[in-house]
Amino acid sequence: MNLINSLSLERRISLGDLVSVAFHGAKYCWMNGEIVETEKAQVSAMEPIFLGFFEGIKAYVEGNVLGEDGLNIFQWGPHIDRLWRTAAVDGLEIPYTKNQLLEAVRDSIKANEFRTNVYIQPRVWPKANVENEVYVVVPTWKFDTRLGKGNPSFAEKRSFMVSSWRRIASDALPPQAKSWANYANSALAAREAKRCGYDGAIFLDNRGFVSEGTGACLMTVREGKVITPPVSASILESVTRNTFLEFIPEDLGIPVVVRDITRVELYASDEAFLCGTGGEVTPITSVDDIKLGDEYPGPTTTCIAEYYSELLAGNVKKRRGWLTPV
Ligand code: PMP
């Protein structure tokens, strides 16, 4: 059997696998101005889908991330701005205003009568033969949050490996944009991790410094400081990472340093976790079988995750501006 055939025997990787979270697809979605059954939201087989892009956003219930009433979209503005930036990178135009897209997201959520946390993924693909026309679809999913005080899934053990695949270099495919093409790189690393018996992968960038996960950014904790790689380490300009860079020092009084991290420094971390919309806060138990720190999940990671879940639920008054009601 040749190499390509053995790779094809591996299990397929879904978007949920990239952040180790289970997503449950909704019945209805919004597509170019209409609510349609998700299964019937069709894109022609003739389209150049490699030029597509998307955004991943979450709406959480008011009061308690595990509760059931009144949804708020988290960081709508930064997410939608990134969608427009990605469109520019991919040379495409979105034929709606940002407010029209907000209404589309609201319609998509309402059509499914969601009363629980929801993941929203506006997706855009070009039409091959019609200049300046695109498909815009807004599907939604329920998901299993790992946040909320005492949530057992937060403390599950997660062993990671440093991938043998490097993160795409920004002079090849810009990782700062959320283009579908970038996720082929993520899928290779996630499949390699599964094949080798790990729960997930961490990329190095093309210089050999620590970059990010397959669908989330990385933060480490060392001697009471949170350390995270810079945007120039081939990472997505993550909305969650930017949010954390703001509230961790300002609201929790924990210093945060943005700088390159070497592989051996990652091994020597007291704690490490991934942060992103999909995976929220994902504590990491070990990297390449090297156990991180003395306590798992670490106290700083737990403190950040607990504060984040309060903030998502609208319980932090000074940060309510980050929430947009559905
Ligand atoms: N890096 C990658 C590769 C991602 O796919 C994601 C998820 N969008 C992130 C980081 C985190 O970005 P955000 O916080 O904006 O969800």
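Given the structure is predicted, the values throughout are model-derived calculations rather than measurements. Quick note: residue numbers are just sequence positions, from 1. As a basis for the values below, the full set of heavy atoms in this structure was taken, side chains included, without hydrogen atoms, waters or symmetry mates. In each ligand, atom 1 is the first atom listed, and ligand 1 is the first ligand listed.
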*Asks:* Tyr308 pairs by ring-ring contact (aromatic ring centres under 6.0 Å, His included) with which of Phe244, Phe273, Tyr60?
*Replies:* Phe244
*Asks:* Which atoms of ligand 1 are found less than 4.0 Å from any heavy atom of Arg167?
*Replies:* 3 (C)
*Asks:* Give the atoms of ligand 1, by number and element, whose distance to some non-hydrogen atom of Glu212 is under 4.0 Å.
*Replies:* 1 (N), 2 (C), 3 (C), 10 (C)
*Asks:* Run the salt-bridge test on Arg319 and Glu250 with the 4.0 Å N-O cut-off and return the result as yes or no.
*Replies:* yes
*Asks:* Do any nitrogen or oxygen atoms of Ser186 lie less than 3.5 angstrom from nitrogen or oxygen atoms of ligand 1?
*Replies:* no
*Asks:* Would you check whether Arg82 has a nitrogen or oxygen atom less than 3.5 angstrom from a nitrogen or oxygen atom of ligand 1?
*Replies:* yes
*Asks:* Do you see a donor-acceptor pair shorter than 3.5 Å between the side chains of Ser164 and Glu192?
*Replies:* yes
*Asks:* So, are Arg241 and Glu212 salt-bridged, with charged N and O less than 4.0 Å apart?
*Replies:* no
*Asks:* May I ask you to check whether Thr277 has an N/O atom sitting below 3.5 Å from an N/O atom of ligand 1?
*Replies:* yes
*Asks:* Can you figure out which of Gly215, Ser211, Gly276, Cys275 has its heavy atom closest to atom 6 (C) of ligand 1?
*Replies:* Gly215
*Asks:* Using a 4.0 Å cutoff against the non-hydrogen atoms of Cys217, which atoms of ligand 1 qualify?
*Replies:* 10 (C)
*Asks:* Taking NZ, NE, NH1 and NH2 as the nitrogens, is one of them in Glu55 or Lys178 under 4.0 Å from a carboxylate oxygen of the other?
*Replies:* no
*Asks:* Do the charged groups of Asp17 and Arg191 touch, with an N to O distance under 4.0 Å?
*Replies:* no
*Asks:* One thing to verify: whether Glu237 and Arg82 come together as a salt bridge, which I'm taking to mean a side-chain N less than 4.0 angstrom from a carboxylate O.
*Replies:* no
*Asks:* Within the 4.0 Å heavy-atom shell around Lys178, which atoms of ligand 1 are there?
*Replies:* 5 (O), 7 (C), 8 (N)
*Asks:* How far is atom 14 (O) of ligand 1 from its nearest protein heavy atom, and which residue and atom name does that atom have?
*Replies:* Thr240 OG1, 2.5 Å
*Asks:* Got an N/O contact under 3.5 Å between Val239 and ligand 1?
*Replies:* yes
*Asks:* State whether the side chain of Ser170 and the backbone N or O of Ser234 hold a donor-acceptor pair below 3.5 Å, judged by distance alone.
*Replies:* no
*Asks:* Write out the residue and atom name of the closest protein heavy atom to atom 5 (O) of ligand 1, then the distance separating them to 0.1 Å.
*Replies:* Tyr183 OH, 2.4 Å
